[in-house]
Amino acid sequence: MTDPVQDQYEAYPYPGRNPAEEATRLVTGSPSRVAEIDHYLFGGRRDWRKPFRVLVAGGGTGDATVMLAQQLHDKGVKAEITYLDLSSASRAIAEQRIKIRGLTNVTFLSGSLLDLAAMGLGGFDYIDCCGVLHHLPDPDAGLASLAGALAPGGGIGIMVYGEYGRAGLYPLQAALQQLAGNLPLKEQVALAKKLLPALPVTNGFRNNRFLGDHKRGDAELVDLLLHRQDRAYTVPQLAELVAGAGLQIASFIEPLRYDPSLYLTDPVLAKRTAALPVLEQAALAERLAGNMKLHIVYLTREADTVAQPAPEATPIFIEWEAATIARAVQQQGAIKGAFDGLPVTLPLPRQAPTILRLIDGTRRMDAIRQETGFADWDGFMAVFRPIWRALNGINRLVLRY
């Protein structure tokens with residue numbers, strides 16, 4: 001990173017976190033939930049009795065580090081987690097959060113992910129790099145460095161900015177640099193707060209309802225509006241970045257957002273899109289939606305690492321409770337929600353509530369089939385398939401073998 005970028009995170013550690021809140025809540029999200037890692041990178045088949053080496057590259061104030069450390073501890077995994085970041089201020093917050101939780105499975109290092117080869121840390125089974133690559137002068141070199149630190153069979157979870165959902169942001173960043181770029185960062189923050197309410201009604205950022213991080217605090221405002229090193233990616237650009245590092249995209253998160261059939265109800269249009277290769281479908285979905293402000297993806301060297309439904313697979317809810325979702329589907333006949341302002345309704349079969357109530361994290365799919373009265377696997381899958389498309393599509397249901 002350039003010095004101004006490092007200085008920014010020393011002055012405004014990101015994201016803003018109060019370590020005292022660790023006593024009352026665990027911040028979770030994608031990538032890097034342990035159930036997701038298993039499903040998308042290890043086919044739902046990883047033996048968690050074996051040691052698990054993790055690198056959090058660009059750990060910031062510790063969200064991914066804390067989540068991984070706590071979830072792996074709770075799972076009884078012999079985990080070795082390495083936190084790496086340039087900002088000493090961010091590291092201090094992350095260390096305090098881990099200390100408050102009484103976790104001992106994290107090693108903290110200061111440094112750049114570009115120097116991994118020289119650091120001699122060995123190979124990692126999993127690497128988290130969330131919100132970092134798009135702030136590097138050379139993101140290609142950054143991802144190549146991460147790929148070089150992977151152990152055989154390992155995988156990576158990344159988040160990078162999406163271009164279309166950040167419409168209007170970059171002209172505003174340029175305007176703020178023009179108005180205040182020579183001022184101390186604290187004064188830039190004050191000036192930005194003056195400018196925002198004065199933006200003309202025609203301003204692209206003012207009319208972008210998908211971007212609101214700057215309203216949460218000064219650290220978020222600086223990261224969004226005053227960053228000195230910032231770029232965004234379209235799906236094709238992201239695919240090029242990934243391929244350049246000798247990797248491939250195992251899955252986007254949430255998968256359904258990258259399925260153009262979510263946006264195209266006309267059967268003629270839907271048929272034309274169904275014939276496209278998977279990455280082209282994802283690119284089309286991004287262009288149609290127009291609201292993707294970031295991309296979360298799991299990356300591997302190997303193909304076909306994502307778990308698929310089968311009789312011996314155990315479906316597992318991610319942070320949802322079976323009875324609650326079954327009751328909601330019973331009442332509505334569908335899953336209803338929104339993707340960044342886009343209303344989404346996903347109709348489900350009438351048998352869905354009965355099936356959903358049996359997803360307790362221990363029953364295998366064949367046991368669920370038998371308990372719901374389906375005589376054969378194909379008949380069960382005809383009903384389960386739309387349930388799977390909806391709930392895995394919004395990243396709330398994964399599989400474990």
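Formation of a donor-acceptor pair under 3.5 Å by the E321 side chain with backbone atoms of A323 is found in this model. When atom types are taken as modelled, the side chain of Q281 and the backbone of L276 share a donor-acceptor pair closer than 3.5 angstrom. For the pair D128 (side chain) and G157 (backbone), a donor-acceptor distance under 3.5 Å is absent. Remark: the backbone N or O of S87 is not paired with any side-chain donor or acceptor of S90 at under 3.5 angstrom. Looking at N207, its side chain does come within 3.5 Å of a backbone N or O of N203 through a donor-acceptor pair. Looking at H295, its side chain never comes within 3.5 Å of a backbone N or O of V160 through a donor-acceptor pair. Using a distance-only test at 3.5 Å, with no hydrogens or angles considered, no donor-acceptor pair links the side chain of D140 to the main chain of A245. Although no hydrogens or angles enter the test, the distance criterion places no donor-acceptor pair under 3.5 Å between the side chain of R301 and the main chain of Q248. With Y263 contributing its side chain and R287 its backbone, the two residues share no donor-acceptor pair below 3.5 Å. Side-chain N or O atoms of R206 include one that pairs as donor or acceptor with a backbone N or O of L199 at under 3.5 Å.
With a 4.5 Å cut-off on side-chain heavy atoms, T82 and L109 count as touching. Counting heavy atoms from C-beta on, the side chains of N392 and P255 come closer than 4.5 Å. Side-chain atoms of E302 and P152, non-hydrogen and from C-beta on, never get closer than 4.5 Å to each other.
No side-chain donor-acceptor contact under 3.5 Å links T305 and Y298. No hydrogens or angles considered: a donor-acceptor pair under 3.5 Å links the side chains of N395 and Y40. When only modelled atom types and interatomic distance are considered, E80 and N105 share no side-chain donor-acceptor pair under 3.5 Å. Residues R400 and T362 bring no donor and acceptor atom of their side chains to less than 3.5 Å of each other. Side-chain contact, E319 with T28: a donor N or O sits under 3.5 Å from an acceptor N or O. Side-chain contact, R33 with S30: a donor N or O sits under 3.5 Å from an acceptor N or O. Side chain to side chain, S88 and E10 meet the donor-acceptor criterion of an N or O pair below 3.5 Å. Defined by atom type and a distance below 3.5 Å, a donor-acceptor pair is missing between the side-chain atoms of S110 and D85.
The line from OH of Y233 to CD1 of I158 is 8.5 Å long, rounded to the nearest 0.5 Å. Atom-to-atom distance recorded for I93:CD1 and Y14:OH is 13.0 Å, nearest 0.5 angstrom. The CG atom of L86 sits 12.5 Å away from the NE2 atom of H135 when rounded to the nearest 0.5 Å. Atoms CD1 and CG, on I37 and L68 in that order, are 5.0 Å from each other to the nearest 0.5 Å. The distance from atom OG1 of T65 to atom CD of E95, rounded to the nearest 0.5 Å, is 10.5 Å. The distance from the CD1 atom of I335 to the CG atom of L348 is 5.0 Å, given to the nearest 0.5 Å.
Cation-pi geometry between R166 and Y164 is not met at under 6.0 angstrom from the ring centre and within 45 degrees of the axis. Cation-pi geometry between R53 and F124 is met: under 6.0 angstrom from the ring centre, within 45 degrees of the axis. Remark: R91 fails to qualify as a cation-pi partner of F108 under the 6.0 Å distance and 45° angle criteria applied to the six-membered ring. Both tests hold for R46 against W48: distance to the six-membered ring centre under 6.0 Å, angle to the ring axis within 45°.
Other residues, nucleotides and ligands contribute over 12 non-hydrogen atoms within 6.0 Å of the CZ atom of R396. Within a 6.0 Å sphere centred on CZ of R350, heavy atoms belonging to other residues, nucleotides or ligands number 12 at most. Residue-environment remark: CG (D304) stays at or below the threshold of 12 foreign heavy atoms within 6.0 Å. Taking a 6.0 Å sphere around NE2 of H73, one finds it holds 12 or fewer heavy atoms contributed by other residues, nucleotides or ligands. Within 6.0 Å of the CD atom in E240, the count of heavy atoms belonging to other residues, nucleotides or ligands does not exceed 12.
The two residues T354 and L358 come nearest to each other via the heavy atoms O-CG, 3.6 Å. Nearest heavy-atom pair across I359 and P315 is CG2-O, 3.5 Å. Summarising the geometry of A69 relative to V106, their closest heavy-atom pair is CB-CG2, 3.7 Å, with the distance given to 0.1 Å. Shortest non-hydrogen contact noted between L116 and A149 is CD1-CB, 4.1 Å. Residues G361 and I316 approach most closely at CA-CG1, 4.3 Å, considering heavy atoms. Residues A310 and W377 come closest through the heavy atom pair C-CH2, 3.5 Å.
With respect to the salt-bridge test (charged N to carboxylate O, under 4.0 angstrom), the residues D63 and R97 qualify. Ionic pairing of R257 and D340 is present here: one or more N-O contacts between side-chain nitrogen and carboxylate oxygen are shorter than 4.0 angstrom. Salt bridge E371/R363: present, at least one basic N to carboxylate O contact under 4.0 Å. Contact check on K50 versus D125 returns no salt bridge, with no Lys/Arg side-chain nitrogen under 4.0 Å from an Asp/Glu carboxylate oxygen.
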Test salt bridge (charged side-chain N to carboxylate O under 4.0 Å, His left out) applied to R45 and D38, step by step = CA-CA 7 Å; R45 298 178 184 274; D38 194 14; over 6 Å; no

Begin from the C-alpha positions of C129 and L113 and carry the test side chain to side chain contact (heavy atoms under 4.5 Å, CB included) through to its verdict.
-> CA-CA 9 Å; C129 188; L113 63 85; 4.1 Å; yes

List the steps and the verdict of salt bridge (charged side-chain N to carboxylate O under 4.0 Å, His left out) for K193 and D218.
-> CA-CA 10 Å; K193 290 179 178 179; D218 286 355; 2.8 Å; yes

Chi angles and distances behind the side chain to side chain donor-acceptor pair (under 3.5 Å) call for Q70, R101 = CA-CA 8 Å; Q70 188 66 63; R101 288 183 171 271; 3.0 Å; yes

Between L225 and Q188, is a side chain to side chain contact (heavy atoms under 4.5 Å, CB included) present by the stated rule, with each step listed?
-> CA-CA 10 Å; L225 301 179; Q188 292 184 45; over 6 Å; no

Does the side chain to side chain contact (heavy atoms under 4.5 Å, CB included) test come out yes or no for V222 and Q8, once each step is laid out?
-> CA-CA 8 Å; V222 170; Q8 169 192 317; 3.4 Å; yes

Salt bridge (charged side-chain N to carboxylate O under 4.0 Å, His left out) between R49 and D47, worked out = CA-CA 5 Å; R49 294 168 297 182; D47 184 353; 2.9 Å; yes

For T107 and I81, what are the C-alpha separation, side-chain angles and deciding distance, and is it a side chain to side chain contact (heavy atoms under 4.5 Å, CB included)?
-> CA-CA 6 Å; T107 299; I81 302 168; over 6 Å; no

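Ring centers of F205 and H214: under 6.0 Å apart, within the cut-off. Annotation: Y161 is not in aromatic contact with H227 [ring centroid separation under 6.0 Å not met].
Between F317 and W320, the ring-plane angle classifies as tilted under the 30° and 60° cut-offs.
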